[in-house]
Structures are given as structure tokens and as C-alpha cells.
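Right, one structure below, let's go through it.
Nothing here was measured: the structure is a model prediction, and the numbers come from that model. Lettering follows sequence order; numbering is per chain, from 1.
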Amino acid sequence: MIIYLKKKVVVNRQFFFLLGIFVVAAALRSLSWYCEPLLSRDGTLYARLASGDVTLPMQHWSSPLLPFILKSCFEFGLNVHICGIVLNIFLGSLMPIVVFFISKELKFADKWAYYAGVLIAVHPVLIEFSKNILRENLYLFFSSMIILYLIKVYNCKKNRLLNTGLLGLFTGFAVMSRYEAMEFAFLVFVVLLWKNFIEKKLSWQVCFYSIFVYGITFFITTAGILLLTVNNYLAYFWYFKNFYLLKIINLL
Amino acid sequence: MILLDIIKISYEVIALIAVMGLCVFLWNRRSQKLPWLILLILLLMIVWRTVYGMNTSRYSSIFIFPAVLGVLIFGEFLENLFKKFFSEKCAVRALRICQALVVIACLMKTFLFDPAGNNILKAFDFIVEDSKKYSTNIILDSTLNLSRLIFYTKVPAVYFGDSCGDDKKRDVVLPGLLYNYSQLYENIYVFHKEESTERGGLKCFGLNLLKSYPVSRKNNKYWTIYRCEKIPKPFENKTIKSISNGDFSLLDNKPDVMQKDVELKGDSFAKEWFLNLNDGYADKCNAEVGIVEAWDGNALYMKSDSDITVCHQKFFPMQKNWLFFQYKTLQKSKFELRIYFYDKNQQFTGVKILDTVFFNKLDSLRDFIVPITEESDEKKSFFRISLRLDWGKILIDNVKFISL
């Protein structure tokens with residue numbers, strides 16, 4: 001009974017801390033935006049893209065997720081500028097919570113996990129990203145989710161396919177936010193193969209299934225977003241050929 | 001370079017502590033395999049960015065997370081160290097002071113900003129209010145704030161900074177631009193950034209200084225807004241070199257729209273003019289290009305929903321010249337005049353946008369003049385002319401070089 005109550009108190013404290021850090025992070029970001037409301041050059045370009053003021057040829061649709069979200073807001077009759085800022089402040093305020101769980105997964109003591117959340121909430125560069133219309137916040141939010149699930153996959157004794165599936169989903173979203181996130185696709189392979197080869201914690205069969213599930217969810221997510229946003233069936237192959245395949249060939 | 005970007009984006013204070021944290025982590029767990037996996041991952045991420053190339057430090061923003069985790073590792077190390085030397089209570093206090101110092105440093109970095117940074121918004125507001133007095137407005141921008149200007153003021157804007165890197169070039173370029181745009185727009189603003197000692201320096205071009213706002217609290221630079229008051233006199237010019245087939249009215253071709261839609265596949269048309277496939281165009285651009293009957297015999301006709309490019313085949317030596325052509329817009333259009341650079345072996349070396357123009361729907365015939373400046377770079381020994389229509393419908397004729 002006492003253990004149960006103690007656990008409940010810890011859970012409650014954690015919940016209120018996370019709620020508090022979310023509110024503080026949102027307040028800091030809003031205050032910063034109030035003080036310095038000027039959008040970056042890229043930010044104004046995204047806002048103009050969403051409102052149909054400018055059109056870009058396909059080769060510039062490297063990361064369609066943010067313009068697509070903003071465009072959807074615009075089509076609903078909402079103000080693109082405000083929607084972009086609200087979206088970024090919301091995602092920026094969620095990031096301390098994700099980093100808190102990352103720290104917990106990495107076996108840091110609770111007080112250090114809380115401190116990690118605080119650091120993310122007050123980090124000047126993250127605040128700067130949040131008060132602007134930039135792809136960074138989307139990319140960083142999904143990247144933090146990838147890191148969280150990557151650590152879960154690494155820590156898990158019996159590999160759960162749900163974790164690798166979610167990993168693929170978040171990688172897909174991150175890649176559609178910023179193409180640099182493609183590095184996580186390699187990192188997932190590195191971690192799975194490391195677990196198999198070096199640490200011998202994973203059987204070949206499970207490793208293969210994990211990679212398969214990861215690949216499938218990643219493919220479905222990215223293809224879905226591209227078909228929805230670029231509205232061109234060839235875009236998917238064009239996108240990966242131009243952004244990744246050619247780069248890899250050049251690298252080799 | 002990439003490491004400097006990572007330090008900058010992670011915020012210097014946090015990056016410094018994180019590096020110490022990484023060192024502690026590697027030293028304490030050197031016998032384990034995990035640190036080497038983390039090092040491998042960090043190395044892969046740095047290599048990935050090095051191969052891709054980073055335009056801004058934002059590309060390395062992901063390193064904020066490892067930096068924060070590095071701070072935690074160093075914090076734990078510091079906690080153990082304090083406990084060795086001080087009592088439990090003192091150690092906790094000392095640690096909390098250190099934690100608070102980092103948080104305060106972060107907050108100071110965020111909220112100690114220059115209030116003059118918002119002055120550019122005041123400048124935009126001024127343009128918005130002032131532009132209401134005129135039916136058509138345009139802003140000539142030299143400050144790389146083109147997208148911001150259009151977004152905040154809703155007035156079309158054109159960047160001319162590239163073509164006036166120094167004062168000498170500006171002296172040549174700006175009057176030409178003012179002359180061109182004065183035929184198209186009722187009101188022309190020039191948005192410029194000036195040193196405090198040179199404020200009002202553009203008045204010699206017939207511009208009137210409307211407002212200026214300090215860029216920073218140091219008051220050493222100003223955002224300045226000018227209005228073109230005296231419309232420059234039309235240039236007296238003489239043709240120095242005709243471009244072969246630049247005068248479309250002399251062509252033997254029967255007036256006709258020669259290519260349409262997806263059939264635009266790069267063949268030469270109108271003799272030396274051809275559609276440039278390298279610059280690309282969308283399959284569904286709904287384009288029409290060809291020779292049609294116009295004001296003075298035949299003229300080049302271009303119509304498209306997205307960008308198409310028509311080039312002249314001939315290579316011209318890179319000399320100081322003025323490129324002249326006549327045009328007539330049939331609907332609201334956006335047009336770009338470019339030149340392709342070639343080296344002495346006539347190998348392609350680059351592209352330069354000479355001018356970007358938004359045409360309103362104007363039926364009357366207009367002249368357009370744009371300067372071509374001399375280049376000392378050997379990679380820019382020759383050039384070819386490229387006419388790019390982003391969208392709209394225009395007629396072009398009498399493309400030639402002139403001297404003023």
C-alpha cells in the first residue's frame with residue numbers, strides 16, 4: 001500500500017512538473033515572440049508559400065510538411081502567420097517533455113531528468129526557433145521522438161516491433177520536415193546491427209524483422225505525405241533519387 | 001567550421017559543459033561498449049553534415065540534444081566531486097547554484113535583445129501606410145529583405161543588391177532601374193541600408209529620403225526608405241550590336257505559335273533562339289512559345305503558368321553593355337532576365353539574374369534596359385542571353401545591345 005502511494009505521489013509530481021514545464025516553455029516562447037516579433041526571411045517565404053503568394057518548382061519541395069500544414073491552415077481560413085507561430089510554440093513547448101523521457105530512458109536520476117527538461121525549455125536557440133515559422137521545430141520535435149524510441153529499442157531486451165514501427169513513423173515525419181533527418185535511417189541500422197553484432201543481444205531473425213517493420217512504416221509515412229503534399233506519384237522516387245541516392249553515390 | 005557551427009547552435013555555455021561531460025563519460029566508461037557506439041553515432045552525424053554541406057548553423061541544430069545530455073553527465077560528475085570535498089548540504093547548494101547559473105545564462109541570452117531590432121517592422125509599417133496613396137507601387141530592395149518586404153507590406157519588391165556590389169556599379173544600375181520601373185509603376189520606393197555618415201546618399205539619383213530607422217542601438221547603420229520623385233530622363237541610345245534574330249519582325253517564319261504544352265522539347269525555333277531544357281520547366285506548365293504578329297511585324301510570344309526559358313545560342317564576350325528590348329504584356333506576368341556564363345573554352349560556368357520584373361497588365365509598348373557589367377573573372381569570359389518567364393503572357397522584340 002505504502003509503495004503504491006509513494007509511486008502515485010512520484011507519478012503525480014512528474015505529471016505536474018511536466019505540465020508546469022510545458023506552461024513555462026510556452027510562456028517564455030510567447031514572451032520572446034512578443035518582444036521580437038520579426039519573422040526570419042525563410043519564415044516569411046514559408047508563410048507566402050502557404051498563402052499561394054509564391055510557387056516553387058518541384059526541386060524546392062524538399063521538405064513539404066511545414067508548407068503543407070500551413071497551407072491547410074490557410075485553406076481553413078486561418079491566419080498563416082499566427083498558425084505558424086502557434087504550431088512552433090506548441091511543438092517547442094513539448095520538447096522539454098520528450099527530453100525528460102529521453103533522460104529517464106538513459107537512466108539519469110529524476111532530478112537530472114527534470115533539469116534536462118528545464119534546459120530545453122530555456123535554451124535560447126530553441127526559443128528562437130519556436131517564435132519563428134521555421135522547419136527546425138518540426139524537425140527537432142520528431143528527431144527527439146526518434147532519439148527516445150531509438151534508446152528504447154537499444155535498451156529493450158526483447159525487441160518490440162511496435163517501437164521500431166514508431167521509429168519508422170517518426171523518421172518519416174522528420175525526413176518530411178527536414179531532409180537532414182535521413183541520417184536517422186542510417187543510425188537505426190547502426191544501432192540494430194551493433195546490438196546484433198557487437199553486443200549479441202539480438203538474434204538475426206528479430207534484427208531482420210525490426211529492419212523490415214522500420215522500413216515499411218518509414219516508406220508508408222513518407223510516401224503518404226509526399227502524395228498528399230506534392231500530389232505527384234513520381235515525386236517519391238524523384239525525391240529520394242535526387243536527395244539521397246545521388247548523394248550516397250557521390251560519397252562512394 | 002562545422003564544429004564552430006555546433007558550438008554556436010548548442011549555445012556556447014552549454015557546449016563547453018557538454019564537451020567536458022563527454023570527456024568524463026568516455027573516461028569513466030572506457031571499458032564499456034556504449035560510449036563507443038555514441039561516439040560512432042556523433043561521428044556519423046558530423047560526417048553526414050560535412051558531406052551534405054551546411055549553409056547555416058541551423059543544419060546542426062540536432063546537436064542541441066547531445067549537448068544537453070552532456071551537461072547532465074558533467075552535472076552528475078560535479079555532484080560526486082562536491083560530495084567528496086564538502087558536506088552533503090553544501091554540495092547540494094553548490095550544485096543548485098551551478099544549475100541556476102546555466103539557466104540564468106540561457107535566459108539572459110534570450111531576453112537581452114536589442115529593441116532597435118524591431119525598427120525594420122516600423123519601416124515596413126511606414127511603407128504600408130504611404131503606399132495606400134498610390135495605385136501601383138514597387139519596392140527596390142538592396143538589403144536582402146525581399147521576402148520580408150513582400151510579406152509585411154504586400155507591395156511587389158525587386159532585389160537589386162547583386163547588381164550594385166559597390167558604389168560605381170550602383171551609379172550605373174540604379175538610374176536604369178528607376179527609369180524602367182517608373183514606366184510601370186506610379187510610385188517607386190528604394191529600401192536601403194546606410195551607414196550613419198552616408199545617410200541620404202541616394203538623393204543624387206532623384207530620390208527623396210522619406211524615413212530612416214536605426215538598425216541597432218549603436219545608431220551606426222540605418223534602414224532608409226526613399227521615394228523616386230524625379231523620373232529619370234529616357235536614355236538616348238544607339239545600337240552597337242544587333243543580336244542575330246533579336247529583331248523578330250525580320251524573321252521569315254510565318255506568324256505562328258510554334259510549340260505548345262508538353263511538345264516543348266528543346267528544338268531551335270526562330271533560328272538562333274531555342275527553349276532551354278537545362279533550366280527546366282514543368283510538364284504541365286501550359287506553355288506556348290513562338291512567333292506571332294505584333295506591333296511591328298513579328299515578335300517573340302511567351303505564355304506559361306510556370307517557368308520556361310528561351311535562350312539565344314550565340315556566345316557574346318563579357319563587356320560593359322546595356323541590353324535593350326521592347327515588350328508588351330498581355331496579362332500580369334513575372335519575368336526574369338538571366339545570363340549564362342561560359343569560360344574561354346565556352347564551357348558553362350554559372351548563371352546570373354540580371355533583373356526580375358513583375359509586369360502589371362499594361363497594353364502599351366515599353367522599352368526595357370538592363371546593364372551588363374564587365375567581369376574580370378576568366379570563368380565569365382562569354383555569356384548567353386536567357387529570357388525566363390515565370391508566369392504570365394508577354395511579347396518581346398528588338399533584343400539588342402546599346403550604348404548610352
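Between chain A and the residues B/Leu44, B/Asn118, B/Leu146, the largest count of heavy-atom pairs under 4.5 Å involves B/Asn118. Among the candidates A/Val190, A/Ile102, A/Asp42, A/Leu187, the residue making the largest number of heavy-atom pairs closer than 4.5 Å to chain B is A/Leu187. Most heavy-atom pairs under 4.5 Å with chain B: of the set A/Val99, A/Ile120, A/Val118, this distinction falls to A/Ile120.
In this structure, B/Leu69 and A/Phe108 approach most closely via the heavy-atom pair O-CZ, 4.0 Å. Shortest non-hydrogen contact noted between B/Leu72 and A/Ser103 is CD1-OG, 3.7 Å. Closest heavy-atom contact between B/Arg148 and A/Ser40: NH2-CA, 3.6 Å. For the residue pair B/Tyr152 and A/Leu39, the shortest heavy atom distance occurs at OH-N, 3.0 Å. Between A/Trp112 and B/Gln99, the shortest heavy-atom contact is CZ3-NE2, 3.2 Å. The shortest non-hydrogen separation linking B/Ser61 to A/Glu136 is OG-CG, 4.0 Å.
With a 4.5 angstrom heavy-atom cutoff, B/Glu79 touches chain A only via side-chain atoms. Heavy-atom distances place the side chain of A/Leu106, and not its backbone, under 4.5 Å from chain B. Proximity to chain B involves both the backbone and the side chain of A/Glu183, based on heavy atoms less than 4.5 angstrom apart. In this structure, chain A has heavy atoms under 4.5 Å from both the backbone and the side chain of B/Ile62. Residue contact with chain A, scored on non-hydrogen atoms closer than 4.5 Å, involves the side chain of B/Leu40 exclusively.
More than 12 heavy atoms of other residues, nucleotides or ligands lie within 6.0 Å of CZ in A/Arg41, so this atom counts as buried by the packing criterion. More than 12 non-hydrogen atoms from other residues, nucleotides or ligands lie less than 6.0 angstrom from NZ of B/Lys393. Counting non-hydrogen atoms of other residues, nucleotides and ligands closer than 6.0 Å to NZ of B/Lys154 gives a total above 12.
Using a 4.5 Å heavy-atom cut-off against chain B, the contacting residues of residues 123-134 of chain A are A/His123, A/Pro124, A/Val125, A/Leu126, A/Ile127, A/Phe129, A/Leu134. Close approach to chain B, defined as a heavy atom under 4.5 Å from one of its heavy atoms, is seen in A/Tyr139, A/Leu140, A/Ser143, A/Ser144, A/Ile147 of residues 137-147 of chain A, taken by number.
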| task | Begin with the C-alpha distance, continue with both residues' side-chain angles, and end with the deciding distance and a verdict on side-chain contact (heavy atoms from CB on, under 4.5 Å) for A/Val191 and B/Ile41. | result | CA-CA 9 Å; A/Val191 168; B/Ile41 286 174; 4.0 Å; yes
| query | Under the side-chain contact (heavy atoms from CB on, under 4.5 Å) criterion, do B/Leu107 and A/Leu28 qualify, and how do the steps go? | reply | CA-CA 9 Å; B/Leu107 289 173; A/Leu28 285 174; 3.9 Å; yes
